[in-house]
Amino acid sequence: MVTQLSISTHAGVFDAIAAGPAEGRPVLLLHGFPQTGVVWRRQIEALAAHGYRVVAPDQRGYSPGARPQRPEDYRISHFVDDVVAITEELGWATFDLVGHDWGGAVAWWTADAHPGRVRTLTVVSTPHPGALATTLRTDEDQRSRSHYMIDWRETPTTEERMLADDAQELRDFYAGKVPQDSADAYVRRLSQPGALTAALNWYRAGRPDGAIGVIDVPTLYVWSTDDSAFGPAAAQETERWVRGPYRFETLQGVSHWIPEEAPEPLSHLLLDHLRAHGEYSNRSENAVVDRQER
């Protein structure tokens, strides 16, 4: 049974949904734009049925109790700190981390900063940030796909446009690939005062404070051929940025909204990845220590 949680941290109170036995192996799932933790509903059910303890928070800006107003409060370092704060509040010393879209970017950065905490990494759609940066310099196709981010950052009327006519532009993003009840829930959340501005501040916060490195933890990266935001060049480049065990899977004919459009294939891949690295220890003599402990 999926339950509602409120997770109190120094950054505020995060809403979350959760399932699975309290003693189960912990898995944290991070959503992207413009969605909430509900995006993982089918994966939560699948993981919980196999004994995992699964929590999917509504991230900074999406949770009303953790919604700062300034764009600079949405730098990637704050999201990584949120992951650490949430998992510490849950009592998780180590955990498996899963992310989609912006949640995928947060997952990459968290695995880089805290390899001693992240048992395994699964990223859906979003290439490694270093791979994306490379292809933005070298691949015209990826530059074209990413141009929307410039518009959202620089146009002050973006929120008004997206919410006009019962949020028609926002609803159009889901392209009929997201269940209607979920799309309605996302629109209700983002129609709250200040919510869409907070979500767009993820794009407006500016560049990361530092550079991301190569990932050492076991990683599964799932990309789909009909993704409008991330093209094949960045997806293929991602392998160069993972030093640990790496698995790359491509879903043919699936759009950007993988967790909801292809829930069963994704759940199968995720379960297979978790099982494959169930005995992986971040604390072996060859492991990379947590960068904050160096």
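Values below: every heavy atom of this structure, side chains too, minus hydrogens, waters and symmetry copies.
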Could you please spell out the steps behind the side chain to side chain contact (heavy atoms under 4.5 Å, CB included) verdict for V27 and R53? CA-CA 6 Å; V27 184; R53 177 59 177 171; over 6 Å; no

No-hydrogen, no-angle side-chain donor-acceptor test under 3.5 Å, S228 and H256: no

Could you walk me through whether T197 and E159 satisfy the side-chain hydrogen bond (donor to acceptor under 3.5 Å, both in side chains) test, starting with their C-alpha distance in whole Å, then the side-chain angles of each, then the deciding distance to 0.1 Å, before giving a yes or no? CA-CA 7 Å; T197 295; E159 292 92 321; 2.8 Å; yes

Is [X] salt-bridged to [Y], cutoff N-O under 4.0 Å?
X	Y	result
R42	E264	yes
R137	E237	no
D184	R188	no
D226	K177	no

Determine whether more than 12 heavy atoms belonging to other residues, nucleotides or ligands lie under 6.0 Å from atom CD of E239. no

Check the surroundings of atom CZ in R240: do more than 12 heavy atoms from other residues, nucleotides or ligands lie under 6.0 Å from it? no

Result of checking D73, D82, N201 against R60 for side-chain hydrogen bond (donor to acceptor under 3.5 Å, both in side chains): D82

Sequence neighbours excluded, which residues qualify as side chain to side chain donor-acceptor pair (under 3.5 Å) partners of R189? D58

Is the shortest heavy-atom distance from the side chain of D96 to the side chain of V98 under 4.5 Å? no

Can you confirm whether R171 sits close enough to Q180 that some side-chain heavy atom of one is under 4.5 Å from a side-chain heavy atom of the other? yes

If you apply the rule ring pair (Phe, Tyr, Trp, His ring centres under 6.0 Å), what do you find for W102 with Y74, and how did you get there? CA-CA 12 Å; W102 259 113; Y74 292 84; over 10 Å; no

Please assess Y174 against W257 for the test ring pair (Phe, Tyr, Trp, His ring centres under 6.0 Å), listing each intermediate value before the final yes or no. CA-CA 7 Å; Y174 309 122; W257 312 108; 5.7 Å; yes

L121 and H273 have their tightest heavy-atom pair at O-NE2, 3.2 Å

